[in-house]
Amino acid sequence: MTPEDLAAAIAQAVDQALAAGQLSVGLDTEVVVERPKNREHGDYATNTAMRLAKANARSPRDIAQQLADRLRAVDGIEAVEIAGPGFLNIRLAAAAQGALVRTIAERGSDYGRTETLAGQTINLEYVSANPVGPVHIGHARWAAVGDSLARLIVATGATVVREYYFNDAGAQIDRFAASLDAVARGEPIPEDGYRGDYIVDVAAEVIKANPELLDEPREKTLEVFAHDGIELMFTAIRKSLSDFGVAFDVYFNEREMHASGAVEATVQKLREAGHVYEADGAVWLRTTDFGDDKDRVIVRSDGRPTYFCADLAYYVDKRERGADKVVILLGADHHGYVGRMRSLVSGLGENPDETLEIIIGQLVNIRGGKMSKRAGNLLTLEELVEAIGVDAARYALVRSSMDTTIDLDLDLWASQTSDNPVFYVQYAHARIASLLRNGAELGFPLPDLADIQLELLNHEKESELLGALGEFPRIVAAAAQFRAPHRVARYLEELAGTYHRFYDACRILPHGDAEPAPEMAPRLWLCEATRLVLANGLALLGVRAPERM
RNA sequence: GCCCCUGUAGCUCAGGGGAUAGAGCGCUACCCUCCGGAGGUAGAAGCGAAGGUUCGAAUCCUUCCAGGGGCACCA
């Protein structure tokens with residue numbers, strides 16, 4: 001019996017009580033089933049009776065009593081107790097608990113998937129680093145979190161389009177080209193230009209491909225530097241991300257959008273909606289009508305649209321391509337953008353509460369290692385991966401809530417010890433894989449599921465492990481719904497600990513030549529079920545689940 | 001000045017209204033005739049402050065204090 005099955009049974013008990021006239025008002029929300037922290041409170045607990053108390057004007061314990069009587073009759077429920085202010089503490093029969101192993105084994109890599117968000121199409125944009133420099137640590141967090149979030153959303157039944165906005169228009173491109181041009185000519189880089197070793201490398205490559213370039217008029221060289229430089233940067237960016245295990249479904253070109261007239265069309269739409277006025281030679285949108293603190297320019301006095309005008313056109317494009325919801329991951333340094341963008345969307349006559357979700361994440365600081373002491377240049381994604389590896393990097397970046405600023409300790413994440421959380425989780429997986437290999441070699445492969453007696457899994461540590469495994473689908477669903485991949489990481493760490501405690505207390509393979517005890521066959525399957533959940537969870541984070549390490 | 005995020009154990013962090021607030025590291029004391037000790041057991045130690053809402057608040061609201069980030073006809 002899974003927690004979901006139990007929740008359904010409780011809901012049914014409520015319905016029966018309603019039908020029997022014991023209750024006059026039902027539940028207005030889903031049944032809440034939780035694992036009590038204290039084992040004496042049973043395998044599961046529900047606050048259903050307390051939630052029903054007020055609307056029915058009855059005492060919670062009184063309602064709990066009636067629900068308990070009905071639940072005791074449910075197959076698989078061994079005991080129901082009323083405790084505290086009106087909790088129902090429920091204990092499952094060992095066989096009902098053990099049956100979870102069969103569920104997990106049968107679903108395999110699908111265990112954890114739900115249909116929670118089925119039917120939705122979500123456009124998820126993240127990273128979108130400008131092609132004027134390498135992917136650095138500031139982007140890496142969104143690469144790790146965004147990719148994991150995409151996997152989570154897929155696991156809850158929704159359709160995801162992973163999107164990268166390739167920002168190849170605007171003033172930063174001009175500054176980038178000017179910087180390359182200056183370096184190539186041996187001139188000082190302009191005040192507002194880009195510095196860094198990569199500028200020198202890119203300039204050299206462009207010159208290599210166009211040996212005569214510097215003989216051309218400056219107008220022409222800037223054009224070539226812009227075009228070829230962006231091309232080179234973009235290739236490098238895609239390679240860094242791909243080496244990091246992150247790929248996108250759509251790489252969207254800003255330049256093409258301008259060329260297609262989509263930006264113009266969006267301005268026209270806003271004009272028709274009546275929120276536009278002209279002042280100081282520029283075109284303004286009256287975003288103050290939608291709660292912004294001041295109006296915003298959408299077309300500059302020189303006739304070029306501003307970046308958020310383009311961003312709005314981009315939003316429209318995503319919606320027209322079928323996105324029910326446009327989700328964008330941004331760093332905290334962009335938080336001022338949220339209100340503006342919401343106002344712009346409102347200006348189009350859409351409801352940003354329903355169609356736009358901008359997730360603001362806090363930034364990443366580096367500690368430890370030699371990288372943190374370097375002046376000037378930011379740590380690049382490539383350097384991060386070189387320092388601690390892809391698994392540790394992804395795990396470290398995805399393990400904290402996005403609301404928390406991360407202080408990344410490179411020495412810790414590079415270490416191959418249990419201090420390092422990613423090793424703790426991967427180790428548990430490798431340990432189980434090794435155990436199953438040993439078992440097969442000793443003549444104890446995983447037996448046929450139909451032949452094992454799952455009710456023998458009645459040891460306290462087995463019960464705790466089963467309980468933890470049963471939580472997985474709800475953890476995944478909540479992580480997707482709250483856009484909080486770190487919950488999966490934290491869960492895996494707990495699961496690894498729960499497994500180690502079980503392992504410490506319960507013998508799985510026989511000693512030497514001894515005959516296997518009857519509970520060993522189901523235990524092997526319990527191990528396999530745990531391994532599957534660890535592997536499925538790590539996959540959602542984009543981290544490998546090693547067979548040995 | 002205005003806006004956003006954060007403040008939980010010595011350190012790094014979980015905890016999205018429920019029972020006695022958790023984990024890892026560090027510290028103290030333990031467990032190897034035993035399937036991977038990269039493990040486990042036990043212990044000391046905490047919600048920034050003050051109000052409020054609620055049967056019940058680390059969680060929601062208000063104020064204050066402290067730290068971080070932001071407030072362009074740049075992106």
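Order of the sequence lines fixes the chain letters, A, B, ..., with proteins taken first and strands second; residue numbering starts at 1 for each chain.
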Counting the atoms with a prime plus P, OP1 and OP2 as sugar-phosphate, which does A:A83 contact under 4.0 Å by heavy atoms, base, sugar-phosphate, or nothing? base
Pairing partner of B:G46, by Watson-Crick or G-U wobble and under 3.5 Å for both distances, is none
Taking B:G69 as the reference, what is the distance to B:C73 when you measure between their P atoms (whole Å, please)? 23 Å
Would you kindly check whether a donor in the side chain of A:T306 faces an acceptor in the base of B:C73, or vice versa, at under 3.5 angstrom? no
The nucleotide from B:U20, B:C35, B:A19 with an atom nearest the side chain of A:E40 is B:U20
Sticking with atom C1', work out how far B:A57 lies from B:U8, rounded to a whole angstrom. 14 Å
Whole-Å distance, A:Y395 OH to B:G24 P, equals 13 Å
Check every strand shown and say whether A:N89 touches a base, only sugar-phosphate, or nothing at a heavy-atom separation below 4.0 Å. base
Which heavy atom of A:M402 sits nearest to which heavy atom of A:R483, and what is that distance? CE-O, 2.9 Å
Give a yes/no on whether any side-chain N or O of A:T404 is located under 4.0 angstrom from OP1 or OP2 of B:A14. yes
To the nearest angstrom, how far is A:L329 atom CG from B:C5 atom C1'? 15 Å
What about the rings of A:H459 and A:F502, do their centers lie closer together than 6.0 Å? no
Strictly below 4.0 Å, N to O, side chains only: are A:D293 and A:R296 in salt-bridge contact? yes
Candidate list A:V202, A:I189, A:D174, test side chain to side chain contact (heavy atoms under 4.5 Å, CB included), partner A:S179, passing option: A:I189
If you measure from the Lys or Arg side-chain nitrogens to the Asp or Glu carboxylate oxygens, is any gap between A:E125 and A:K318 under 4.0 Å? yes
Base of B:A19 paired with side chain of A:N47 (donor-acceptor, under 3.5 Å): no
Would you mind reading off the distance between A:Y491 atom OH and B:G16 atom C1', rounded to a whole angstrom? 19 Å
Identify whether any heavy atom of A:A430 sits under 4.0 Å from a base atom; if not, whether one sits that close to sugar-phosphate; answer base, sugar-phosphate or nothing. base
Would you say A:Y424 reaches B:G40's phosphate, i.e. side-chain N/O to OP1/OP2 under 4.0 Å? yes
Closest non-hydrogen atom pair between A:S400 and A:R141, with its separation: O-NH2, 3.9 Å
May I ask you to say what A:A505 touches in the nucleic acid, namely base, sugar-phosphate or nothing, with a heavy-atom cut-off under 4.0 Å? nothing
Please work out if A:S434 contacts a base, only the sugar-phosphate, or nothing of the nucleic acid, heavy-atom cut-off 4.0 Å. base
Selected nucleotide, minimal atom distance to A:D333 side chain, candidates B:G70, B:G16, B:A14: B:G70
According to the Watson-Crick and G-U wobble definitions, with both distances under 3.5 Å, which nucleotide is paired to B:A9? none
The side chain of A:F482 is closest to which nucleotide in this list: B:C35, B:G16, B:G69? B:G16
Base paired to B:C35 (Watson-Crick or G-U; both N/O distances under 3.5 angstrom): none
Check every atom of B:G39, B:C13, B:A38 against the side chain of A:D504 and return the nucleotide holding the closest atom. B:G39
NZ/NE/NH1/NH2 to OD/OE distance under 4.0 Å, A:D43 and A:R91: no
Taking atom types as they are modelled, is there a donor-acceptor pair under 3.5 Å from the base of B:G18 to the side chain of A:R51? no
Of A:Y126, A:F252, A:F248, A:Y251, which is the lone residue that meets side chain to side chain contact (heavy atoms under 4.5 Å, CB included) with A:E163? A:F252
In terms of the nearest nucleotide of RNA chain B, which residue is placed more toward the 5' end: A:F502 or A:G170? A:F502
Whole-angstrom distance between B:G16 and B:C60, as gauged at atom C1': 10 Å
Between B:G7 and B:C13, how far apart are the C1' atoms? Round to whole Å, please. 12 Å
With C1' as the reference atom in both, quote the distance from B:A44 to B:G10 in angstrom, rounded to an integer. 12 Å
With a non-hydrogen cut-off below 4.0 angstrom, is A:N38 in contact with a base, only sugar-phosphate, or nothing? base
Nucleotide paired to B:C2 in any strand shown, Watson-Crick or G-U, under 3.5 Å: B:G70
Reckon A:C527 touches a base, only the sugar-phosphate, or nothing at all at heavy-atom distances under 4.0 Å? nothing
Without decimals, in angstroms, what is the distance between A:R399 CZ and B:G15 C1'? 14 Å
Integer angstrom distance from the C1' of B:A49 to that of B:C4: 22 Å
Could you tell me whether A:M402 contacts a base, only the sugar-phosphate backbone, or nothing, with contacts defined as non-hydrogen atoms closer than 4.0 Å? nothing
Atom-pair distance (CG on A:L285; P on B:C73), nearest Å: 14 Å
Classify A:D311 by what it touches in the nucleic acid, base, sugar-phosphate, or nothing, heavy-atom distance under 4.0 Å. nothing
Charged N to carboxylate O below 4.0 Å: is that the case for A:D292 and A:R342? no
Hey, does A:R61 reach any base, or is it just sugar-phosphate, or nothing, if we go heavy atoms under 4.0 Å? nothing
Base-pairing assignment for B:G51 (Watson-Crick or G-U wobble, both under 3.5 Å): B:C61
Paired with B:G16: which nucleotide, if any, by Watson-Crick or G-U wobble criteria at under 3.5 Å for both distances? none
B:G15 versus B:U59 - spacing of their C1' atoms, nearest Å: 9 Å
Look at the side chain of A:H335 against the base of B:G69 and say whether a donor-acceptor pair falls under 3.5 Å; ignore hydrogens and angles. yes
Which is more 5' along RNA chain B, the nucleotide nearest A:R175 or the one nearest A:F87? Just name the residue. A:F87
Output the rounded distance in Å from CG (A:L492) to P (B:G22). 21 Å
Any side-chain N or O of A:K37 under 4.0 Å from OP1/OP2 of B:G22? no
For B:U33, does OP1 or OP2 lie under 4.0 Å from any side-chain N or O of A:H511? no
Checking contacts here: which listed nucleotide (B:A75, B:G15, B:U54) is nearest the side-chain heavy atoms of A:K54? B:U54
What contact category does A:I360 fall into here, base, sugar-phosphate, or nothing, at under 4.0 angstrom with non-hydrogen atoms? nothing
Could you tell me whether A:E493 contacts a base, only the sugar-phosphate backbone, or nothing, with contacts defined as non-hydrogen atoms closer than 4.0 Å? nothing
Taking only Lys NZ, Arg NE, NH1 and NH2, and the carboxylate oxygens of Asp or Glu, determine whether A:E278 and A:R271 approach each other closer than 4.0 Å. yes
Give one of base, sugar-phosphate or nothing for A:H334, where a contact means two heavy atoms less than 4.0 Å apart. base
Report yes or no: is there a donor-acceptor pair, N or O only, under 3.5 Å between the side chain of A:Y427 and the base of B:A38? no
Distance, rounded to the nearest Å, where A:I406 contributes CD1 and B:C11 contributes P: 19 Å
Distance, P atom - from B:C71 to B:A75, rounded to whole angstrom: 13 Å
Rounded to the Å, how far apart are A:D192 CG and B:A75 C1'? 13 Å
Who does B:A29 pair with, Watson-Crick or G-U, both distances under 3.5 Å? B:U41
What does A:R304 touch in the nucleic acid at a heavy-atom separation under 4.0 angstrom: a base, only the sugar-phosphate, or nothing? nothing
